[in-house]
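Computed from a predicted model, the values in this text were never measured in an experiment. Labels below follow one simple rule: chain letters A, B, ... track the order of the sequence lines, proteins then strands, and each chain is numbered from 1.
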Amino acid sequence: MDSGDVLLDISGVSRSFGDVRALDDVSIQIRENEFFALLGPSGCGKTTLLRVIAGFEQPDSGTVTLDGVDLLPIPPEKRAVNLMFQSYALFPHMTVERNVGYGLACERLPRDEISSRVDEVLTTVGLTDKRNALPKTLSGGQRQRVALARAIVKRPRLLLLDEPLSALDRKIRGEMQMELKRLQHEVGITFVVVTHDQDEAMSLADRVAVMDRGVVRQLDTPLDLYRRPRSIFVADFIGNSTILRGRFDQGTWIGDSAPGLSVPDTCRDAIALALRPEALTIVPTDDPRARVRGEIVEVFFQGDHALAQLRADGTVYLAVLRDDVLPRRGDPRGLAWDESAPIPLFEE
Amino acid sequence: MTSRTSAGVRRHGDGPLLRALASVPALTYLVILMAIPLALVIAYAFLTAGRFGGVQGPVTLDNITRMFQPLYLEILVSSVVNAGIATAFAFLIGFPAALVITRLSPTWQTAALVAVVLPFWTNFLIRTYAWIVLLNREGFLSDGLELVGLGPVEFLYTRQAIILGLTYAYIPLMVLPIYASLQRLDPQLLEAAQNLGAGPWRRFRTVLLPLTLPGIITGCLFVFIPSLGNFVIPELLGGGNSQMIGNLIRDQFLKSRDWPFGSALSLMVLALLVIIVMLQASASRRTRKWGA
């Protein structure tokens with residue numbers, strides 16, 4: 001770890017439910033003021049990890065420290081960690097003001113201090129006019145803001161967000177995404193967001209831990225996760241890619257597809273190669289740059305660009321189309337790419 | 001008749017008539033078993049007792065004023081207190097019981113709920129008689145206390161025995177509605193409260209209690225109403241020592257043959273219950289505002 005100010009240190013944490021290992025020797029260090037994402041498909045253990053940090057779940061083994069203090073013996077209500085629930089879990093019988101002030105009332109703060117801090121945080125999320133509204137009269141986006149306000153008003157050391165945007169419409173989701181980022185800078189709290197949505201994780205977080213079946217598969221910045229995935233799982237989960245299984249043999253790639261492909265020495269220990277769509281160029285079959293030749297299977301128009309599937313030697317490649325004239329299904333085409341384009345993958 | 005569409009059309013066209021017909025059984029029931037008896041009770045309350053039962057003229061307010069004599073007021077107050085204490089005990093036992101049941105696995109939940117209603121499969125009188133066996137001087141409870149040097153004690157024919165009997169008899173009616181409202185409660189709300197720093201007591205007071213209030217109020221009514229009017233339990237477990245309003249009313253009709261005064265007392269109980277139900281209705285209107 002290059003930075004000294006570790007806020008949350010998760011070390012060797014395991015948790016099983018019956019035969020299922022929800023967390024398998026998980027170690028993650030989260031830095032102060034970081035926007036961190038736990039990303040993975042459902043059932044990968046990210047929610048269990050979140051519940052361990054919040055205190056609703058005790059790990060079978062391992063340690064969790066916050067500011068160097070062992071967190072595990074501390075009951076959930078005493079931890080300087082607040083959680084924004086996926087369902088928001090707003091108290092239906094309390095107004096927005098009482099919902100947001102709930103955590104402060106638990107600290108037995110004087111009434112006027114509660115009211116001024118609630119004011120302040122309602123201003124931050126832009127909901128001052130909804131102070132006396134009941135949750136059920138609010139829209140989804142407003143409820144989310146109340147939940148967020150309720151979680152940050154206690155000024156926790158760490159804010160956990162469980163699938164914060166999943167309950168919102170697509171359009172509001174984009175707005176809230178930017179708002180979360182802005183808020184994180186504004187309030188200066190460390191955010192840990194749990195999500196199955198790679199776009200959410202990649203666009204929000206400074207660093208992302210990709211989890212699969214209880215194991216952290218890779219922990220990196222979004223850019224590195226995309227450019228340098230280490231495993232087939234991560235390459236597949238983050239963005240689109242074409243995976244070529246095989247092995248390295250004296251500068252060429254031996255596999256079912258793309259026989260005799262020449263690859264750099266960095267691929268020496270790889271078990272597979274990943275090709276990102278934007279690294280591939282679709283060329284006429286007689287183009288000398290073409291490394292493989294096949295036919296177009298499908299074309300997907302995306303607005304600002306288009307994606308094409310091309311089948312060659314039994315493998316379906318996904319490539320970004322740069323031409324204005326889209327090829328049609330069944331057209332013969334070749335695929336070209338730079339020698340440095342294939343990303344070596346070393347694990348399943 | 002055979003196709004689904006024809007059934008649909010039929011329901012649509014004959015709606016009003018069919019609906020009117022469908023309401024006949026309920027209306028008949030209400031008129032014969034509610035409206036007419038109630039009208040009779042109201043009428044009797046303002047008449048004079050016949051010599052051998054029944055009623056006769058003249059119309060009078062004597063029965064109403066007589067109810068406010070200290071002797072009768074005392075019985076009414078003690079009935080309300082007994083029923084109130086029984087309701088409170090039923091809540092104190094029933095709420096935790098319902099809470100525990102909701103935390104069980106689905107199979108055990110079903111088993112526990114069956115166990116809760118199981119006593120209803122036995123006759124009410126027989127169950128009450130069973131308490132006599134348990135509570136009297138030669139009963140299990142007294143014998144048990146004697147073994148540890150605290151007995152023998154006579155529990156039977158005390159006010160405590162009445163309250164115990166009432167609590168026992170109606171506690172399932174407390175558990176079931178509370179269980180139903182606990183079931184509907186989102187468990188994440190309690191986790192949210194805990195996450196925000198609320199200890200167990202605050203979570204109970206600010207989240208669990210207000211959100212299960214409709215079920216609690218229903219359960220309390222289900223226990224309080226039959227307890228207030230009950231005359232079997234005071235008779236069997238209370239002996240002659242303390243009477244409740246139910247006994248008094250029964251005695252007016254069956255022993256003193258003073259139907260008008262019995263009717264007046266019934267009206268008083270009815271009025272009391274109407275007030276309580278109205279309070280409940282206004283409370284549940286408030287909770288409905290919170291939405292699902």
Yes or no on side chain to side chain contact (heavy atoms under 4.5 Å, CB included) for Thr206(B) and Phe91(A), after CA distance, side-chain angles and deciding distance?
-> CA-CA 9 Å; Thr206(B) 59; Phe91(A) 304 123; over 6 Å; no
Check each atom of [X] against the heavy atoms of chain B and say whether the ones under 4.5 Å are side chain, backbone, both or neither.
X        : value
Arg98(A) : neither
Leu83(A) : both
Met84(A) : neither

Could you pull out the closest heavy-atom pair between [X] and [Y], with the gap in Å?
X         : Y         : value
Gly199(B) : Glu77(A)  : CA-OE2, 4.1 Å
Cys106(A) : Gly197(B) : CB-O, 3.6 Å
Tyr102(A) : Arg203(B) : OH-CA, 4.4 Å

Counting only heavy atoms not in [X], do more than 12 fall under 6.0 Å of its [atom1]?
X         : atom1 : result
Phe89(B)  : CZ    : no
Phe222(B) : CZ    : no
Arg286(B) : CZ    : no

Per-residue contacts, residues 62-71 of chain A versus chain B, heavy atoms under 4.5 Å =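 Counting heavy atoms that sit under 4.5 Å from chain B, no residue of residues 62-71 of chain A is involved.
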Is it the case that the side chain of [X] and the backbone of [Y] share a donor-acceptor pair, with hydrogens and angles ignored and the cut-off at 3.5 Å?
X         : Y         : result
Lys154(A) : Leu196(B) : yes
Asn195(B) : Val81(A)  : yes
Arg202(B) : Ala105(A) : yes

What residues of residues 173-193 of chain B sit under 4.5 Å from chain A when you count only heavy atoms?
->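 Listed by number, the contacting residues are Asp186(B), Gln188(B), Leu189(B), Glu191(B), Ala192(B), Ala193(B).
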Greatest number of heavy atom pairs closer than 4.5 Å to chain B - which of Thr137(A), Asn82(A), Leu104(A), Leu90(A) |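 If we count pairs closer than 4.5 Å to chain B, Asn82(A) comes out on top.
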